[in-house]
Amino acid sequence: MTARIAPQQVADLSGLNCPLPILRTKKALATMAGGDVLQVTCTDPATPTDFAAFCRQTGHELIEQWNEDAKFLFLIKKRPD
């Protein structure tokens, strides 16, 4: 198994439902430098679709997503500044 990229920031958004995970992710990314990686943890079952669309629309890169302990995890690389 390949090691995952180490994130510069982590956001646990468990328990939040749409649209809060996207809004909080957008806010966290705004504080980060271009190319930095954010790891997001969510429980809302809509988040895999929501984060794919969010990254497509904003230019951020969805590096990886996976499930772990009934949670959805995402690695998102901020688009260059």
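We use all heavy atoms of the structure for the numbers below, so side chains are in, but hydrogens, waters and symmetry mates are not. We number each residue from 1, following the sequence as shown.
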Quiz prompt | salt bridge (charged side-chain N to carboxylate O under 4.0 Å, His left out) against E61, all qualifying residues, sequence neighbours excluded | solution =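 Scan of E61 (salt bridge (charged side-chain N to carboxylate O under 4.0 Å, His left out), adjacent residues dropped) gives none.
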Quiz prompt | Residues which pass salt bridge (charged side-chain N to carboxylate O under 4.0 Å, His left out) with D81, listed by chain and number, not counting sequence neighbours | solution =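 Counting only residues at least two positions away or on another chain, D81 forms a salt bridge (charged side-chain N to carboxylate O under 4.0 Å, His left out) with K78.
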Exercise. Among residues two or more places apart or on two chains, list those pairs meeting salt bridge (charged side-chain N to carboxylate O under 4.0 Å, His left out) that have a residue in residues 29-56.
Key: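 Salt bridge (charged side-chain N to carboxylate O under 4.0 Å, His left out) check on residues 29-56 returns no pairs.
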In a table with atom names and distances, give each donor-acceptor pair under 3.5 Å that connects a side chain of residues 10-31 to protein atoms at least two apart or in another chain.
residue: D12; atom: OD1; partner: S14; partner atom: N; Å: 3.0
residue: D12; atom: OD1; partner: S14; partner atom: OG; Å: 2.6
residue: S14; atom: OG; partner: K71; partner atom: NZ; Å: 3.4
residue: T25; atom: OG1; partner: P21; partner atom: O; Å: 2.7
residue: T31; atom: OG1; partner: A28; partner atom: O; Å: 2.7

Exercise. Could you tell me whether the side chain of F74 reaches within less than 4.5 Å of the side chain of L62, counting heavy atoms only?
Key: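 When only atoms from C-beta onward are counted, F74 and L62 do touch, with a gap below 4.5 Å.
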Quiz prompt | Beyond-backbone contact of R4 with E64, side-chain heavy atoms, under 4.5 angstrom | solution =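 With C-beta onward as the side chain, the pair touches.
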Exercise. Go through the structure and list residues passing side-chain contact (heavy atoms from CB on, under 4.5 Å) with E68, not counting sequence neighbours.
Key: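 Result, side-chain contact (heavy atoms from CB on, under 4.5 Å) vs E68: W66, L73.
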Quiz item: Do you reckon M32 sits in the same ILVMFWY cluster as I76, going by side-chain contacts under 4.5 Å, direct or chained?
Solution: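 As far as the 4.5 Å side-chain criterion goes, I76 and M32 are connected within one cluster.
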Quiz prompt | Trace of the side chain to side chain contact (heavy atoms under 4.5 Å, CB included) decision for L75 with Q65 | solution = CA-CA 6 Å; L75 285 178; Q65 68 180 55; over 6 Å; no
Exercise. Could you tell me which residues satisfy ring-ring contact (aromatic ring centres under 6.0 Å, His included) with F54, sequence neighbours excluded, listed by chain and number?
Key: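 F54 satisfies ring-ring contact (aromatic ring centres under 6.0 Å, His included) with H60 once adjacent residues are dropped.
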Quiz item: How far apart are the C-alpha atoms of T43 and F72, what are their side-chain angles, what is the distance that settles it, and do they pass the side chain to side chain contact (heavy atoms under 4.5 Å, CB included) test?
Solution: CA-CA 6 Å; T43 51; F72 303 96; 5.7 Å; no
